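The structure under discussion is supplied below as structure tokens; questions concerning it will follow.
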Protein chains: 2
Amino acid sequence: MNAMREPEGYLIYLIKQVELGVRRPFEELLAAKGISTPTYTALTVLRRWPGITSSELARRSFVRAQTMAETVNAMLDSGLLRREKDPAHGRQMLLYITAEGDRMIDRVRDDVQDLDAVLASALSEEDRRQLIHHLRACRDVLLAREGRVRV
Amino acid sequence: MNAMREPEGYLIYLIKQVELGVRRPFEELLAAKGISTPTYTALTVLRRWPGITSSELARRSFVRAQTMAETVNAMLDSGLLRREKDPAHGRQMLLYITAEGDRMIDRVRDDVQDLDAVLASALSEEDRRQLIHHLRACRDVLLAREGRVRV
DNA sequence: GAACAGTTTCAGGTAGCCTGAATTCTAAGT
DNA sequence: ACTTAGAATTCAGGCTACCTGAAACTGTTC
């Protein structure tokens with residue numbers, strides 16, 4: 001428990017530090033291709049869970065439904081997403097990535113991988129795998145708290 | 001390299017997800033004690049590096065000097081920090097945590113540790129140590145890119 | 001002594017979150 | 001069948017934590 005004695009050793013603090021450190025280069029990279037961070041994460045989540053609603057996407061992205069609606073509307077306008085009425089639930093709209101959305105994912109992939117490689121440059125391949133595994137575990141704990149989300 | 005094939009496996013993406021998931025409860029926790037996230041991180045960095053300048057603090061926190069100046073001014077006003085002229089460099093001001101700042105760190109510690117424990121609830125003690133170690137490695141890579149920062 | 005680099009400060013801008021509230025639909029209970 | 005509760009969507013408005021640009025001052029270097 002010694003690692004927890006000093007704030008420097010808190011997970012929360014380190015997560016925030018790394019996120020802050022990555023944020024600017026990441027935003028620049030995405031902006032060069034014409035998308036924002038929320039757009040990128042929405043594409044990533046939707047690729048994994050096609051056909052979910054905007055509200056469900058919000059839960060999986062840890063933002064409010066109203067916040068996600070803004071991102072989704074922008075993506076619908078720019079043609080990255082399309083939506084269909086859910087036949088079973090009159091009011092719900094199901095979201096899908098368009099061909100253009102898929103192309104966008106392809107267009108940013110190399111640069112994202114490059115930045116990712118920088119981030120992991122002090123880690124062995126095994127370290128990197130463990131880090132990803134542990135981060136997934138943390139995220140899943142948080143998802144479970146969000147409620148109504150199948151992990 | 002299979003882990004890198006899908007965006008879901010990118011470090012950047014997972015870091016962002018976990019940060020988003022922790023952000024709201026963390027902000028609420030801090031707000032209940034009367035401080036913001038930037039204030040908390042500034043206190044944490046300054047506890048580790050007392051007597052640095054606001055610009056140096058900005059570099060270590062991955063924000064611009066002007067952004068950090070806002071945070072620091074608020075903290076000076078509320079008495080969490082004090083500053084002294086650097087005798088060697090006429091224009092530079094060195095920052096120190098006040099007794100009140102130390103008390104604030106104490107006041108939030110338990111709640112931060114509780115939230116940290118939730119985050120790590122799916123990890124063994126050994127996993128948690130590894131995760132912290134790897135996150136530090138990522139942060140140090142980013143710090144090195146920031147320039148003029150001793151790690 | 002001139003150019004350069006770093007810190008601080010002032011001014012202004014914006015993206016990405018948030019809450020509140022109205023609408024519409026489904027599901028559940030009585 | 002009727003009512004109530006719960007969830008998704010949409011409209012309106014607000015704020016924080018970032019950002020860039022530019023000026024003033026100081027220490028360093030050539």
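Keep in mind that the numbers below use all heavy atoms, side chains included, and drop hydrogens, waters and symmetry copies. Order of the sequence lines fixes the chain letters, A, B, ..., with proteins taken first and strands second; residue numbering starts at 1 for each chain. Predicted, not measured: the structure shown is a model, and the values here were computed from it.
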*Starting at CE of Met68(B) and ending at P of dG6(C), how long is that distance when rounded to a whole Å?*
18 Å

*Round to the nearest Å and state the distance from Arg83(A) atom CZ to dT9(D) atom P.*
8 Å

_Among dG16(C), dA22(D), dT7(C), which nucleotide has an atom closest to any side-chain atom of Arg59(B)?_
dT7(C)

*Measure from NZ on Lys85(A) to C1' on dA8(D) and round the result to the nearest Å.*
14 Å

*Does the side chain of Leu135(A) come within less than 4.5 Å of Ile15(A)'s, by heavy atoms?*
yes

*Does a side-chain heavy-atom distance below 4.5 Å link Ser78(B) with Thr39(B)?*
no

*With nearest nucleotides of DNA chain D determined for Arg24(A) and Asn73(A) from heavy-atom distances, which residue corresponds to the more 5′ nucleotide?*
Asn73(A)

*asked:* Checking contacts here: which listed nucleotide (dC19(D), dT19(C), dT9(C)) is nearest the side-chain heavy atoms of Arg64(B)?
replied: dC19(D)

*Look at the side chain of Val63(A) and decide which nucleotide, out of dC10(C), dC18(C), dA17(D), has an atom nearest to it.*
dC18(C)

*Tell me: CZ of Arg60(A) to C1' of dA8(D), nearest whole Å?*
16 Å

_For a quick check of understanding: with a heavy-atom distance under 4.0 Å over all strands, which category does Thr53(A) fall into, base, sugar-phosphate or nothing?_
sugar-phosphate

*Could you check which of dT9(C), dG16(C), dC19(D) has an atom nearest any side-chain atom of Ser36(A)?*
dG16(C)

*State, to 0.1 Å, how close Ile97(B) and Arg47(B) come at their nearest heavy-atom pair, and which atoms those are.*
CD1-N, 3.5 Å

*What about Gln66(A): does its side chain form a donor-acceptor pair under 3.5 Å with the base of dG20(C)?*
yes

*Map Glu28(B) and Glu27(A) onto DNA chain C by nearest heavy atom, then report which one ends up closer to the 5' terminus.*
Glu27(A)

_Nearest-neighbour nucleotide for the Pro38(A) side chain, dG16(C), dA21(C), dT7(C) considered_ = dG16(C)

_Just the rounded figure in Å: distance from C1' of dC25(C) to CE of Met93(A)._
13 Å

*So what does Thr71(B) touch, heavy atoms closer than 4.0 Å: a base, only the sugar-phosphate, or nothing?*
nothing

*asked:* What is the distance, to the nearest angstrom, from the CG atom on Leu95(B) to the P atom on dT7(C)?
replied: 12 Å

_I'd like to know whether Glu56(B) forms a salt bridge (charged side-chain N to carboxylate O under 4.0 Å, His left out) with Arg60(B), so could you lay out the CA-CA distance, the side-chain angles of the two residues, the decisive distance to 0.1 Å, and finally the verdict._
CA-CA 6 Å; Glu56(B) 172 87 3; Arg60(B) 293 188 179 282; 3.3 Å; yes

*Of the nucleotides dT7(C), dC18(C), dT20(D), which has the atom closest to the Ser55(B) side chain?*
dT7(C)

_Options dC18(C), dA8(D), dC19(D), nucleotide nearest the side-chain atoms of Arg23(B)_ = dC18(C)

*asked:* Which nucleotide wins on minimum distance to the side chain of Ser54(A), given the candidates dC19(D), dC18(C), dT9(D)?
replied: dT9(D)

*Report yes if the distance between the aromatic ring centroids of Tyr40(B) and Phe26(B) is under 6.0 Å, otherwise no.*
yes

*Could you tell me the separation between the CD1 atom of Ile12(B) and the CG atom of Asp116(A), rounded to the nearest 0.5 Å?*
4.5 Å

*Rounded to the nearest Å, what distance is computed from the CD atom of residue Glu84(A) to the P atom of nucleotide dA8(D)?*
18 Å

*Check the distance between dC17(C)'s P and Lys16(A)'s NZ and give it to me in whole angstrom.*
11 Å

*The side chain of Glu70(B) lies closest to which of these nucleotides: dG12(C), dT8(C), dA7(D)?*
dG12(C)

